[in-house]
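Letters A, B, ... are given to chains in the order of the sequence lines, protein chains preceding strands, and every chain is numbered from 1.
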Amino acid sequence: MKDFSKKIIFIFLINYIDLSIAPIISKALIIFPLTFLGYSLYVYRSNKNIGPAEGFLVGLLVDLISGTFFGINATLFCIITYLINIYSNSFKIFSYLQVCIFFGVSATAYIGFSQLALNLYNFSYITLLISFIFNILFCIFVTILSSYFPKKINTKI
Amino acid sequence: MAGKIPTSGQKILYLSFVFLGSIIFYFDFTTNSFQSIKNGYTSFKISTIFLIKETTIEPFKNFFNLTKSKENLIQENNNLKEALDISNLNNYLISKENIFYKDKNIIQYPIDKKNSSFAYSIAKIKYINHNIFNCCDNHRMHIELISSNLSSNLESAVFNNSGIIGQVITDEKYLEVILLTDIDHSIPIKSKSESFYCNARGSGRANIIICSYNPLVWDEDILLGKEFFTSGLGGIFPKDIMIGNVVNIIDIDSTKKDLEIKLFADPLESDLFGVIRN
């Protein structure tokens, strides 16, 4: 129960940050799916096997709190859970950069799908490209941070 | 690190959830059926935020605002009082009743036309000993200039919104003012008819000055309540300013009479004073 509450609070918090910074960075044609990346990191770092039901429910919750159509995040969260799980062994032989690129590409794919579903008329390849670079840089930044704070952020992303 | 690779059964489960998610999305996208849930959540969110704000932040905010508004009110009140005092001083100066300008040679620069304000200095009370003022002979006070239009304030007349109260005797950081009621002070006064002149000295009592005269020399009939004005002699005080009225007449002997004159201006009634130079 305690673990569950933590997860819920974490989702609310990260989504709040996501929604807060979105209007600011969108002026620079950047879409930064922090909730999605946070969840991906959680799945990647988790020692337990995250099932499709958890991904689906978390996605539904994100749909609810972010005010989008129900099902979009549920589906995409389910897919990323599957992808991370299927590459769980490959990640072990990946370099940091490859892992960063993987998450950057997955975040860009998330943006692309979301834009196609929700914002088709304003779909922009420039936004997608800039967001792709930004997300990879963000992942690299987090990886560098983990080198400076190895105990607190002991992560290989 | 992520767990095991999904088995075939789990893959089907993943596929099912993805399919379910897609159906829900399509359903919501086309029919907007979940709008009531979203509205319910939004309403819940707003209510919760409002409730949390009301119980946690608002009490502190209200307390802070209350303190701040109180401080602002006090400050505003002080500003208004000061503005009112200055306005009263101006009114006193331009009032026709006291004919402050009758002697135009004495008050050289009554009005600075460029700034449409009076060319006198405004001073704020710094110190006055109320006990000594009410009991003893030494009636002095210190004032601090707020705005000064004069190069030197020495021997300038000091007035408040009721009339003249004294003159500056020391021009330092704070101006020392000897009040009309100090026993070392005397002011030349006259009757309205200008047939009676005398030097009124301070009595050492609050708001009372004494005019001693020889009734054999000055034959004008002085009655209680008679008003006296500055004569302008001596060059310190302007001419024809109403000073006070007679409240007591003491017959000392056939050659000497004392008139006790109650001053109109009380130095304790205001905090702001005008300093005007002859």
**Student:** Is it the case that atom CG in B:Leu80 sees more than 12 heavy atoms from other parts of the structure closer than 6.0 Å?
**Tutor:** yes
**Student:** Hey, what do you get for CG (A:Asp63) to NZ (B:Lys38), rounding to the nearest 0.5 Å?
**Tutor:** 7.5 Å
**Student:** Chain B: which of A:Ile79, A:Leu60, A:Thr81 shares the most heavy-atom pairs with it under 4.5 Å?
**Tutor:** A:Thr81
**Student:** With a 4.5 Å cut-off on side-chain heavy atoms, are B:Gln10 and A:Asn49 touching?
**Tutor:** yes
**Student:** In terms of heavy-atom contacts, does CZ of A:Phe113 have more than 12 from other residues, nucleotides or ligands at under 6.0 Å?
**Tutor:** no
**Student:** Count the heavy-atom pairs under 4.5 Å between each of A:Ala117, A:Gly59, A:Gly67 and chain B, then report the option with the highest count.
**Tutor:** A:Ala117
**Student:** Check this for me: A:Tyr42, atom OH, are more than 12 non-hydrogen atoms of other residues, nucleotides or ligands nearer than 6.0 Å?
**Tutor:** yes
**Student:** So what's closer than 4.5 Å to chain B heavy atoms on A:Thr68: side chain, backbone, both or neither?
**Tutor:** backbone
**Student:** Is the NZ atom of B:Lys124 crowded by more than 12 outside heavy atoms at less than 6.0 Å?
**Tutor:** no
**Student:** Are more than 12 heavy atoms, taken from residues, nucleotides or ligands other than B:Phe29, located less than 6.0 Å from that residue's CZ atom?
**Tutor:** no
**Student:** Applying a criterion of heavy atom separation less than 4.5 Å, what residues of residues 14-27 of chain B form contacts with chain A?
**Tutor:** B:Tyr14, B:Phe17, B:Val18, B:Leu20, B:Gly21, B:Ser22, B:Ile24, B:Phe25
**Student:** Applying a criterion of heavy atom separation less than 4.5 Å, what residues of residues 69-77 of chain A form contacts with chain B?
**Tutor:** A:Phe69, A:Phe70, A:Gly71, A:Ile72, A:Thr75
